[in-house]
Visitor: 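Quick one: this structure, given as structure tokens, is what I'll be asking you about.
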Amino acid sequence: MHEVNVGHKALADYRSIVPRELMAEIDELSAELRGKRVLHVNATAFGGGVAEILYALVPLISDAGLPAEWQVITAPPEFYNVTKSFHNGLQGHAVDFPAEARELYESVCRANAADLTRAYDFVMVHDPQPLAMRDYVTMSQDRSTRWIWRCHIDTSTPDQGLYDYLLPSINGYDAAVYTLRDYVPQGLTVPVREIAPTIDPLAPKNMKLSAEDATYIVRQFGIDVERPLLLQVSRFDPWKDPLGVVDVYRAVKANYPAMQLALVGSMASDDPEGWEYLEKVIEYVAADPDVFLLSNLDNVGSVEINAFQSHADVIVQKSTREGFGLTVTEGLWKARPTIGGDVGGIPLQIEDGVTGYLVKSAAQCAERCLQVLAKPEKHRRMALLGKEHVRREFLTPRLLRDDLRLFSDLQAGKIGR
Ligand code: UDP
């Protein structure tokens with residue numbers, strides 16, 4: 001495993017942003033837990049929502065007085081083919097899981113578990129890639145450590161064969177955390193908590209950018225800033241439905257010929273399918289000069305994502321399956337009109353017709369985009385309500401509070417073994 005350097009963050013900087021009661025609760029819990037050692041483990045330091053969350057959360061846990069680390073597992077490239085099939089299988093696709101794949105999965109988890117040489121009070125393991133590490137931890141490392149599995153995906157209807165294989169590993173933890181209660185599959189004996197993820201309002205991706213700065217950055221990518229822009233920021237993944245977004249754009253463009261589309265999608269190192277899928281999207285777009293396909297390979301980093309989200313006329317997240325949808329949180333936080341697929345954690349964030357729109361098809365999404373473009377002021381007011389909802393519910397201190405509460409309850413024996 002290798003450790004990620006998360007730098008420093010100060011809780012004090014968040015006091016003027018989030019509700020006062022929330023900070024008071026954090027202060028109380030951190031006084032109780034001061035000195036406890038925390039480890040987060042996941043599969044990648046770059047790309048996707050989990051890495052985003054940990055860059056914000058881990059330094060704030062330390063600032064709350066609990067020394068915290070983040071370690072990323074190391075594995076050969078073939079391992080990520082296996083765990084990508086886990087991801088798809090847990091989200092409901094039928095997957096093949098031959099004996100060699102099991103052996104590879106188990107050997108990687110065993111090797112990474114052997115790297116755990118320090119003692120921790122709480123270890124939080126994210127998603128299926130490092131899940132089985134818990135099975136290989138020796139008793140001496142394990143005695144007082146509380147192990148938590150943090151599942152970020154919708155596993156409510158998993159591939160049964162795969163699930164039967166993973167279930168004993170999940171049940172070996174002291175607690176499991178899911179984004180939504182609905183995501184918890186049958187058969188778990190481990191105690192379950194429901195905790196939604198959050199974004200960091202002070203990270204370069206979410207800090208306030210002036211309209212001029214956002215425009216300046218977006219223009220550098222060839223966008224005509226005088227013309228309307230539709231945006232989806234996501235990995236190139238079928239569940240995010242970028243092809244559906246292209247259909248939405250085409251339908252909107254029939255009424256607004258000036259419309260442009262930006263599909264901004266990072267290529268994660270643990271997502272081998274992304275490259276293949278990107279090819280499909282390129283083919284589908286068929287060299288339309290008003291469609292911009294951009295990624296980290298084009299030097300799109302956090303500030304550029306911020307600029308695109310701050311500048312876009314309409315943000316869509318047309319997922320057909322979604323864990324939570326941090327891109328929706330990010331769009332709302334920038335007070336941009338946001339339209340999301342009516343799946344996963346998106347309805348927790350968008351109240352249909354109040355803070356944005358929820359849609360079930362490309363046609364419906366296009367219709368809502370046209371309404372947003374026709375009445376910008378009305379939709380700006382809705383987006384401001386969305387921003388307020390995010391401020392109260394989906395900023396990092398709220399996640400910190402919920403995790404500290406879980407630690408406290410585990411310690412007090414209110415949950416777990
Ligand atoms: N993201 C990014 N660059 C990209 C595409 C995505 O930084 O080109 C970020 C995005 O801003 C968000 C996260 O990756 O913070 C995606 O999280 P989400 O929950 O939407 O989806 P996941 O990838 O975890 O399924």
Side-chain angles (χ1 to χ4, degrees), residues 42-57 83-84 86-88 90-91 126-129 150-155 178-180 183 195-201 203-207 209 217-218 221 231-242 245 262-271 273-275 277-278 281 292-310 312 315-334 336 338-341 343-350 390 394-396 399:
N42 85 323
T44 176
F46 182 78
V50 179
E52 288 291 318
I53 292 164
L54 294 180
Y55 273 111
L57 181 64
T83 55
K84 182 71 195 204
F86 280 17
H87 191 97
N88 291 336
L90 287 173
Q91 292 206 125
H126 296 258
D127 280 343
Q129 299 94 329
R150 202 328 174 184
C151 179
H152 294 269
I153 49 188
D154 176 352
T155 58
Y178 287 81
T179 296
L180 289 178
Y183 291 180
I195 302 179
T198 51
I199 60 166
D200 180 0
K205 184 175 289 175
N206 298 310
M207 61 198 244
L209 268 191
I217 293 171
V218 165
F221 290 89
L231 170 72
Q232 175 160 297
V233 175
S234 309
R235 289 179 291 111
F236 288 103
D237 176 315
W239 307 101
K240 308 286 186 185
D241 199 19
V245 179
L263 289 172
V264 183
S266 70
M267 309 305 297
S269 59
D270 67 341
D271 183 9
E273 280 179 5
W275 300 95
Y277 200 69
L278 173 61
V281 181
F292 298 81
L293 287 176
L294 299 166
S295 76
N296 46 317
L297 304 178
D298 303 288
N299 218 9
V300 176
S302 298
V303 174
E304 288 79 8
I305 297 279
N306 189 343
F308 271 94
Q309 290 170 333
S310 302
I315 292 179
V316 295
Q317 186 54 58
K318 222 209 123 304
S319 307
T320 53
R321 198 83 185 227
E322 188 58 78
F324 182 67
L326 286 171
T327 52
V328 171
T329 334
E330 291 161 7
L332 293 172
W333 181 243
K334 278 122 199 163
R336 305 313 296 161
T338 304
I339 303 172
V343 291
I346 298 177
L348 278 186
Q349 308 185 59
I350 295 180
V390 169
F394 301 117
L395 299 183
T396 312
L399 177 59

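Side-chain atoms are counted along with the backbone in the values below, which use heavy atoms only and exclude waters and symmetry mates. Predicted, not measured: the structure shown is a model, and the values here were computed from it. For ligands, and for the atoms within them, numbers begin at 1 and follow the listed sequence.
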Visitor: Taking the minimum heavy-atom distance to atom 1 (N) of ligand 1, which of E52, K205, R235, E322 ranks first?
Guide: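 Shortest heavy-atom distance from atom 1 (N) of ligand 1: K205.
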
Visitor: Suppose I only count heavy atoms of V264 and a 4.0 Å limit; which atoms of ligand 1 are within that range?
Guide: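 Heavy-atom distances to V264 below 4.0 Å select 5 (C), 8 (O).
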
Visitor: Is there a donor-acceptor contact under 3.5 Å from the side chain of R336 to the main chain of A312?
Guide: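 It does hold such a pair.
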
Visitor: Would V233 count as being in polar contact with ligand 1, using the rule that some N or O on each side must be under 3.5 angstrom apart?
Guide: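 Looking only at distances, the answer is no, because the N/O contact criterion of under 3.5 Å is not met.
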
Visitor: Quick test: of every protein heavy atom, which one is nearest to atom 24 (O) of ligand 1, and how far off is it to 0.1 Å?
Guide: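 Of the protein heavy atoms, G49 N, 2.9 Å lies nearest.
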
Visitor: Select one of side chain, backbone, both or neither to describe which atoms of E330 lie under 4.0 Å from any atom of ligand 1, heavy atoms only.
Guide: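 The side chain, only.
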
Visitor: Atoms of ligand 1 less than 4.0 Å from G325 heavy atoms?
Guide: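 Close to G325: 19 (O), 20 (O).
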
Visitor: Measuring from non-hydrogen atoms of N296 to any atom of ligand 1, is the shortest distance under 4.0 Å?
Guide: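 N296 does not count as a contact of ligand 1 under the 4.0 Å cut-off.
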
Visitor: Give me the one residue out of D127, I53, T179 that meets side-chain contact (heavy atoms from CB on, under 4.5 Å) with R150.
Guide: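 Filter result, single survivor: T179.
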
Visitor: Under 4.0 angstrom from ligand 1, any heavy atom of G265?
Guide: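 True for this residue.
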
Visitor: Test L326 against T329 for side chain to side chain contact (heavy atoms under 4.5 Å, CB included), laying out the working first.
Guide: CA-CA 5 Å; L326 286 171; T329 334; 4.1 Å; yes

Visitor: Yes or no: does G323 have any heavy atom under 4.0 Å from an atom of ligand 1?
Guide: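 It does not, in that no heavy atom of G323 comes within the 4.0 Å cut-off of ligand 1.
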
Visitor: Look at ligand 1 and say whether K240 reaches it with a heavy atom at a distance under 4.0 Å.
Guide: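 Judged by the 4.0 Å heavy-atom criterion, K240 does count as contacting ligand 1.
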
Visitor: Do the non-hydrogen side-chain atoms of I153 and P128 ever get within less than 4.5 Å of each other?
Guide: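 Sidechains of P128 and I153: in contact.
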
Visitor: When you measure from the side chain of Y55 to the backbone N and O of F46, does any donor-acceptor pair fall under 3.5 Å?
Guide: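 Such a contact is absent between Y55 side chain and F46 backbone.
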
Visitor: For atom 3 (N) of ligand 1, tell me which residue out of V328, I346, I305 has the closest non-hydrogen atom.
Guide: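 The residue whose heavy atom sits nearest atom 3 (N) of ligand 1 is I305.
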
Visitor: Could you tell me whether the side chain of Q91 and the main chain of G323 form a donor-acceptor pair under 3.5 Å?
Guide: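 No, Q91 side chain to G323 backbone: no donor-acceptor pair under 3.5 Å.
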
Visitor: Among protein heavy atoms, which sits nearest to atom 5 (C) of ligand 1, and what does the distance come to when rounded to 0.1 Å?
Guide: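 Ranking protein heavy atoms by distance from atom 5 (C) of ligand 1, first comes S266 N, 3.2 Å.
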
Visitor: Decide salt bridge (charged side-chain N to carboxylate O under 4.0 Å, His left out) for R321 and D237; before the verdict, give the C-alpha distance in whole Å, the side-chain angles of both, and the deciding distance to 0.1 Å.
Guide: CA-CA 11 Å; R321 198 83 185 227; D237 176 315; over 6 Å; no

Visitor: Report yes if T327 has an N/O atom closer than 3.5 Å to an N/O atom of ligand 1; otherwise report no.
Guide: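 Yes; the residue has a nitrogen or oxygen that sits under 3.5 Å from a nitrogen or oxygen of the ligand.
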
Visitor: Is D200 reaching over with its side chain to a backbone N or O of T396, donor-acceptor style, under 3.5 angstrom?
Guide: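 No: the side chain of D200 does not pair with the backbone of T396.
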
Visitor: Provide, to 0.1 Å, the distance between atom 19 (O) of ligand 1 and the closest protein heavy atom, together with that atom's residue and name.
Guide: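 Going by distance alone, atom 19 (O) of ligand 1 is nearest to L326 N, 2.9 Å.
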
Visitor: Report the residues that fulfil side-chain hydrogen bond (donor to acceptor under 3.5 Å, both in side chains) with E304, sequence neighbours left out, ordered by chain and then residue number.
Guide: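 Checked E304 against side-chain hydrogen bond (donor to acceptor under 3.5 Å, both in side chains); zero matches.
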
Visitor: Take every heavy atom of V300, measure it against each atom of ligand 1, and state whether any distance is under 4.0 Å.
Guide: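 Flag not set, V300 not near ligand 1.
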
Visitor: Where do K240 and K318 land on the side chain to side chain contact (heavy atoms under 4.5 Å, CB included) test, with the steps shown first?
Guide: CA-CA 6 Å; K240 308 286 186 185; K318 222 209 123 304; over 6 Å; no

